[in-house]
Number of protein chains: 2
Amino acid sequence: MATIREIAKRANTSIGTVSNYLNEPSLVAESTQKRIEEAIEFFDYHPKAAARSLKSRYTHRIGLVPLISSEDNRSENPGDNAFLELLAGINTAAAENKYDILLSGATNHSDEMKTYQRLFGEGNVDGIILQGIQSEDERILFLKKKKIPFVTYGQSDLPIQYAYVDVDGGQGIIQAITHLKSLGHKRIAYITPSKSLMCTRQRWDGFVKGMDQNNIQIKDEYVIEGDFSERSGYESTKVLMNLKTPPTAVLTSNDVCAFGVIRCLKEMNLIPGKDVSVVGFDNVSISKHWQPELTTIEQPFRKIGFLLMESLLNMIQGKEEFPHKLVQPELIIRESTGPV
Amino acid sequence: MATIREIAKRANTSIGTVSNYLNEPSLVAESTQKRIEEAIEFFDYHPKAAARSLKSRYTHRIGLVPLISSEDNRSENPGDNAFLELLAGINTAAAENKYDILLSGATNHSDEMKTYQRLFGEGNVDGIILQGIQSEDERILFLKKKKIPFVTYGQSDLPIQYAYVDVDGGQGIIQAITHLKSLGHKRIAYITPSKSLMCTRQRWDGFVKGMDQNNIQIKDEYVIEGDFSERSGYESTKVLMNLKTPPTAVLTSNDVCAFGVIRCLKEMNLIPGKDVSVVGFDNVSISKHWQPELTTIEQPFRKIGFLLMESLLNMIQGKEEFPHKLVQPELIIRESTGPV
DNA sequence: TCAAGGAATTGAAACGGTTCAATTATGGCA
DNA sequence: TGCCATAATTGAACCGTTTCAATTCCTTGA
């Protein structure tokens with residue numbers, strides 16, 4: 001394998017100049033550039049990343065640590081393509097900046113933190129992207145303490161400054177309510193997981209605001225505190241449908257929960273999308289193939305990935321300190337919502 | 001950040017000994033080990049990957065270049081979790097050997113080859129895992145020519161020696177036929193994509209063998225050359241069901257094609273799993289939630305990932321030259337197959 | 001013709017590990 | 001006690017870049 005010295009020799013110049021050409025071509029005279037290019041071509045030269053990063057301190061890599069369940073559970077979890085789309089976005093921004101992605105799976109959060117420390121400590125990565133943020137995420141505290149540059153996808157409740165990209169979930173709920181109103185719905189129920197979660201709180205705020213904007217009064221009995229599970233959707237629906245005046249539409253906080261709602265409606269011989277409208281959140285891959293196809297709120301994962309990477313790079317390069325970015329979700333209208 | 005020299009100093013030993021401790025602790029006296037461990041703990045020391053690989057030539061990283069479609073297509077392609085599961089398997093074997101995974105997406109195969117060359121040329125990775133092998137895959141030729149260590153998931157038709165891990169698709173088809181036979185089926189149809197593909201040919205061989213083993217004669221009119229699309233499943237089924245004596249069971253080469261079969265059956269007012277049994281191939285995440293739930297052949301992606309990584313490491317370490325491994329798929333029996 | 005100053009180039013030191021031949025310590029045995 | 005084999009340790013050279021102060025080259029204006 002050729003080294004920078006051989007390139008310099010063949011191009012009849014010094015290694016310093018070749019290095020300049022590699023990093024800041026404008027410093028090098030055009031005629032010299034030509035000769036260097038010829039030599040690089042001739043030897044099929046690629047500067048060694050190890051040598052480069054040893055001296056320069058930049059690895060040109062960022063770390064991503066997906067949580068990997070310890071058992072095979074292919075078809076269980078429908079979070080599926082979201083990760084791939086996020087990756088696609090991250091990759092796009094990375095490639096534009098000549099960065100690569102280093103992946104090292106972990107099976108739990110304490111593993112994950114060890115991995116972060118190792119990746120950064122060993123100088124494998126310049127920074128880290130965090131996903132699946134929890135309300136008091138210990139990983140955020142850890143990375144902050146270790147002074148490891150990082151961006152998160154989603155916000156925590158921690159009173160700390162850090163960079164994040166987040167979806168404006170409240171906006172999504174507002175869109176859904178507006179859509180339902182336009183179909184004539186006024187009796188709108190909302191199944192929300194515990195408001196101790198940051199994202200749920202945002203959505204709740206959106207719910208309040210959306211109802212207000214559309215001049216609909218929030219009825220306490222239409223608001224049910226559940227969780228993200230299919231079961232929760234099912235049980236909550238049972239309660240809702242047994243009310244004196246049951247709602248004509250149900251908002252949920254994720255698709256899986258909406259699937260539970262649909263199952264319950266079917267069991268009660270109600271036609272989802274006709275008798276009762278249902279809106280999910282996430283647009284997981286199966287929601288398009290559900291019966292009926294699910295109206296849901298989609299998070300733009302590619303864009304999120306792109307922004308995550310962009311923000312991280314800005315931090316690493318010292319251009320921004322703690323960038324905050326909010327992106328708008330999109331309402332995907334399918335069969336599970338219809339006129340009253 | 002501490003360096004090996006500071007560790008040596010505090011542990012009152014030489015850098016050579018610390019290096020030995022790091023790489024081959026058995027070379028170091030126990031008492032010395034203790035002191036070194038204390039020093040490492042004290043400084044929270046992590047040996048720098050760049051320095052290490054600069055001299056040792058090992059990066060402790062392998063490369064993976066997923067093809068990333070240029071547009072957002074979250075819920076279109078159900079290949080979804082397969083990649084994640086593969087990754088999980090690769091990651092497990094990687095972690096056991098202190099390896100990390102470097103990911104760098106590409107949008108097409110020529111991009112992909114450039115990426116391979118860069119990753120290996122710059123010394124970012126020790127070897128590469130190739131997926132989505134085609135019958136005359138140019139990437140295989142390229143990597144072979146450039147002497148880049150690699151393993152593929154799947155075989156090509158190229159008359160070259162290289163390492164691969166593959167699923168014994170033929171075995172899967174045999175299992176499916178045996179299952180159908182046990183349900184009383186004798187009129188079994190098979191929709192197969194063009195036999196020019198390696199994997200289709202394997203499956204065809206399995207079909208022939210499986211029918212023979214179960215003493216069923218292959219009827220020419222029950223064999224339809226289609227492709228992997230939903231449409232192909234639909235069209236082929238139309239032809240099959242209009243035969244004088246239509247088949248009672250249909251084998252396909254992937255789940256999406258099977259979905260097409262099911263759609264056609266429903267349109268013809270036939271009940272899939274009752275009037276006609278249908279078997280898919282892949283067990284994509286939605287097949288479990290299909291109507292009816294799809295009987296299909298599952299590829300053990302975790303295991304495949306694990307074997308891929310293991311084989312690659314063996315090659316890198318010179319333990320094996322071109323390991324070949326075949327894994328057995330598993331028949332997942334659900335609702336789309338039933339007694340005649 | 002010369003001085004000044006910017007553009008281009010130079011080369012030695014530095015980054016933080018690994019490697020290996022050489023050296024020293026240790027234990028077993030006659 | 002002395003000798004030998006083996007275990008443990010040492011430290012200088014090296015890996016291939018980047019960095020930067022120093023030097024040379026070139027142009028311009030007086």
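Here the structure is a predicted model, which means the values were calculated and not measured. Just so it is clear: chains get the letters A, B, ... in the order the sequence lines come, proteins before strands, and each one is counted from 1.
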Given C/dA12, C/dG16, D/dG16, identify the nucleotide with an atom nearest to the side chain of A/I15.
C/dA12
Whole-Å gap separating P (D/dG16) and CD (B/E122)
15 Å
Gap between atoms CG and C1', on B/N20 and C/dG17 respectively (whole Å):
13 Å
Across the strands shown, which category fits A/T32 at heavy-atom distances under 4.0 angstrom: base, sugar-phosphate, nothing?
sugar-phosphate
List the atom of A/N124, the atom of B/A49, and the distance in Å for their closest heavy-atom pair.
OD1-CB, 3.4 Å
In terms of side-chain heavy atoms of A/T17, which of C/dG16, C/dT18, C/dT9 is nearest?
C/dT9
Would you classify B/Y45 as touching base, sugar-phosphate or nothing, given that sugar-phosphate means primed atoms plus P, OP1 and OP2, and contacts are heavy atoms under 4.0 Å?
sugar-phosphate
Any idea which of D/dG16, C/dT9, C/dG16 is nearest the A/V28 side chain?
C/dT9
Does any non-hydrogen side-chain atom of A/D100 lie less than 4.5 Å from one of B/R118?
yes
Indicate yes or no: at least one non-hydrogen side-chain atom of A/L87 is less than 4.5 angstrom from one of B/L103.
yes
Nearest listed nucleotide, side chain of A/T3, among C/dC15, D/dT17, C/dT9:
D/dT17
Flag the pair A/K146 and B/D44 as a salt bridge only when some basic side-chain nitrogen lies within less than 4.0 angstrom of an acidic carboxylate oxygen.
yes
Looking across every strand, which nucleic acid part, if any, lies under 4.0 Å from B/T13 by heavy atom: base, sugar-phosphate, or nothing?
sugar-phosphate
Min side-chain heavy-atom separation A/F150-A/Y162 under 4.5 Å:
yes
From D/dC15, C/dT18, D/dT17, nucleotide with atom closest to B/L54 side chain
D/dC15
Record whether the side chain of A/R52 comes under 3.5 Å of the base of D/dG16 through a donor-acceptor pair of N or O atoms.
no
What nucleotide among D/dG16, C/dG17, D/dT10 has an atom nearest to a side-chain atom of B/K55?
C/dG17
Nucleotide nearest A/N23 when distance is taken to its side chain, options D/dT18, D/dT17, D/dC15
D/dT18
Whole angstrom value for the distance that separates C1' of D/dT18 from NZ of A/K48:
15 Å
OP1 or OP2 of D/dT18 less than 4.0 angstrom from a side-chain nitrogen or oxygen of A/S19, does that happen here?
yes
When the C1' atoms of the five terminal pairs at each end define the local axes, what inter-axis angle does the helix from C/dT1-D/dA30 to C/dA30-D/dT1 show, to 10 degrees?
40°
State whether B/E122 and A/K48 are salt-bridged, where the test is any N-O pair (Lys NZ or Arg NE/NH1/NH2 against Asp/Glu carboxylate O) under 4.0 Å.
no
Quick check on DNA chain C: between A/R5 and A/E30, whose nearest nucleotide comes earlier from the 5' end?
A/E30
Along DNA chain D (nearest heavy atom to each residue), the more 5'-positioned of B/G16 and B/A51
B/G16
Just compare C/dG17, D/dT9, D/dT17 and give me whichever is closest to any side-chain atom of B/S14.
D/dT9
What orientation do B/H60 and B/Y99 show, parallel under 30°, tilted 30 to 60°, or perpendicular over 60°?
tilted
